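Note that the structure is predicted; figures quoted are calculated from it, not measured. Scope of the values below: all heavy atoms of this structure, side chains included, with no hydrogens, waters or symmetry mates.
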Amino acid sequence: MVLLFSFTAGAVILLARDYDERLATRSVAQAIAFQSARVGAQQVAVGTLRGDGAVALDEAAAVEQATRAARELLADAGEVGGVSVVVEADRVTVVVEIVDEIEGGFGGSKRAIVRAEGSARAVAG
C-alpha cells in the first residue's frame with residue numbers, strides 16, 4: 001500500500017510540475033504576442049490620417065516592427081520559437097510559437113509547441 005501511494009504521489013507531482021511549466025510558457029507566449037501586436041499597430045500610415053482621418057496601417061512597417069519586437073522579446077525571455085504576423089486594415093495579429101522542452105522525471109525530455117495569438121487595433125484619438 002505504501003508503495004502504491006508513493007508512486008501515485010510521485011506521478012501527481014511530476015504532472016503538476018509539467019502543467020506549471022507549460023502554463024508559464026503559455027503566459028510568456030501570450031505576453032510576447034500581445035506586445036508585438038501593439039508595436040505593429042503603432043505603425044500608422046500618416047498620410048491617411050491627414051486625408052479623411054481614417055486609420056490605415058503601413059503594412060510593411062507593421063509586419064517588420066511586430067516581427068522585430070517578437071524576436072527581441074523571445075530572446076530576452078530565453079525562449080526559442082517562431083513568429084508570424086498578419087495585417088488586415090487597422091488590425092495586427094501576431095502568432096507566437098515557443099518550443100517548450102520539459103525534462104522528464106526519469107532523465108528523458110518532452111518537446112511541445114506552445115502557441116499564442118495576440119492582436120491589436122490602431123485607432124485615431
Side-chain angles (χ1 to χ4, degrees):
M1 216 46 170
V2 171
L3 285 174
L4 178 65
F5 285 122
S6 296
F7 285 121
T8 302
V12 168
I13 289 170
L14 287 174
L15 286 173
R17 193 185 92 211
D18 286 355
Y19 180 76
D20 186 44
E21 288 181 16
R22 287 269 161 78
L23 188 60
T25 303
R26 181 171 303 281
S27 294
V28 168
Q30 286 177 333
I32 291 171
F34 283 118
Q35 289 300 319
S36 302
R38 184 186 57 78
V39 169
Q42 292 175 347
Q43 308 308 311
V44 176
V46 178
T48 61
L49 289 173
R50 292 184 180 148
D52 59 1
V55 176
L57 293 173
D58 179 346
E59 187 173 340
V63 170
E64 178 185 340
Q65 292 301 316
T67 303
R68 181 192 55 76
R71 291 187 197 282
E72 287 177 4
L73 290 168
L74 279 168
D76 289 347
E79 300 289 353
V80 176
V83 178
S84 63
V85 180
V86 176
V87 178
E88 297 172 337
D90 63 349
R91 181 172 300 278
V92 177
T93 303
V94 177
V95 176
V96 174
E97 293 181 341
I98 294 178
V99 178
D100 189 22
E101 293 203 30
I102 298 175
E103 294 182 24
F106 301 106
S109 65
K110 294 183 254 178
R111 187 175 192 182
I113 303 294
V114 176
R115 184 176 188 270
E117 182 176 313
S119 80
R121 191 171 150 244
V123 295

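Between Gln65 and Val39, the closest heavy-atom pair is O-CG1, 3.8 Å. Annotation for Ala33 and Ala116: closest pair CB-O, 4.1 Å, computed over non-hydrogen atoms. A pairwise comparison of heavy atoms in Gly40 and Val92 identifies C-CG2, 3.6 Å as the closest pair. Closest heavy-atom contact between Ala37 and Gly118: CB-O, 3.7 Å. Nearest heavy-atom pair across Ile113 and Glu97 is CG2-CB, 3.8 Å. Summarising the geometry of Ala29 relative to Val96, their closest heavy-atom pair is O-CB, 4.1 Å, with the distance given to 0.1 Å.
For the pair Asp58 and Val44, the minimum side-chain heavy-atom distance is 4.5 Å or more.
Checked against side-chain hydrogen bond (donor to acceptor under 3.5 Å, both in side chains), Thr67 has no partners two or more places apart in sequence or in another chain. Contacts of Arg115 classified as side-chain hydrogen bond (donor to acceptor under 3.5 Å, both in side chains), with partners at least two apart in sequence or in another chain: none.
Criterion: ILVMFWY side-chain heavy atoms under 4.5 Å apart, direct or through other members. Under it, Val63 and Val55 are part of a common hydrophobic cluster. A single hydrophobic cluster is not seen to contain both Val114 and Val94; linkage of ILVMFWY side chains at heavy-atom distances under 4.5 Å, directly or through other members, places them apart.
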For residues 69-85, dump all side-chain donor-acceptor pairs below 3.5 Å to protein atoms at least two apart in sequence or in another chain.
| from | atom 1 | to | atom 2 | distance (Å) |
| --- | --- | --- | --- | --- |
| Glu72 | OE1 | Arg68 | NH1 | 3.1 |
| Glu72 | OE2 | Arg68 | NH1 | 3.1 |

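Atom OG1 in Thr93 sits 12.0 Å away from atom CZ in Arg121 (nearest 0.5 Å). To the nearest 0.5 Å, the span separating OG on Ser119 from CD on Glu88 amounts to 9.5 Å. Summarising the geometry, atom OG1 belonging to Thr25 is positioned 3.5 Å from atom CG belonging to Asp100; distances are rounded to the nearest 0.5 Å.
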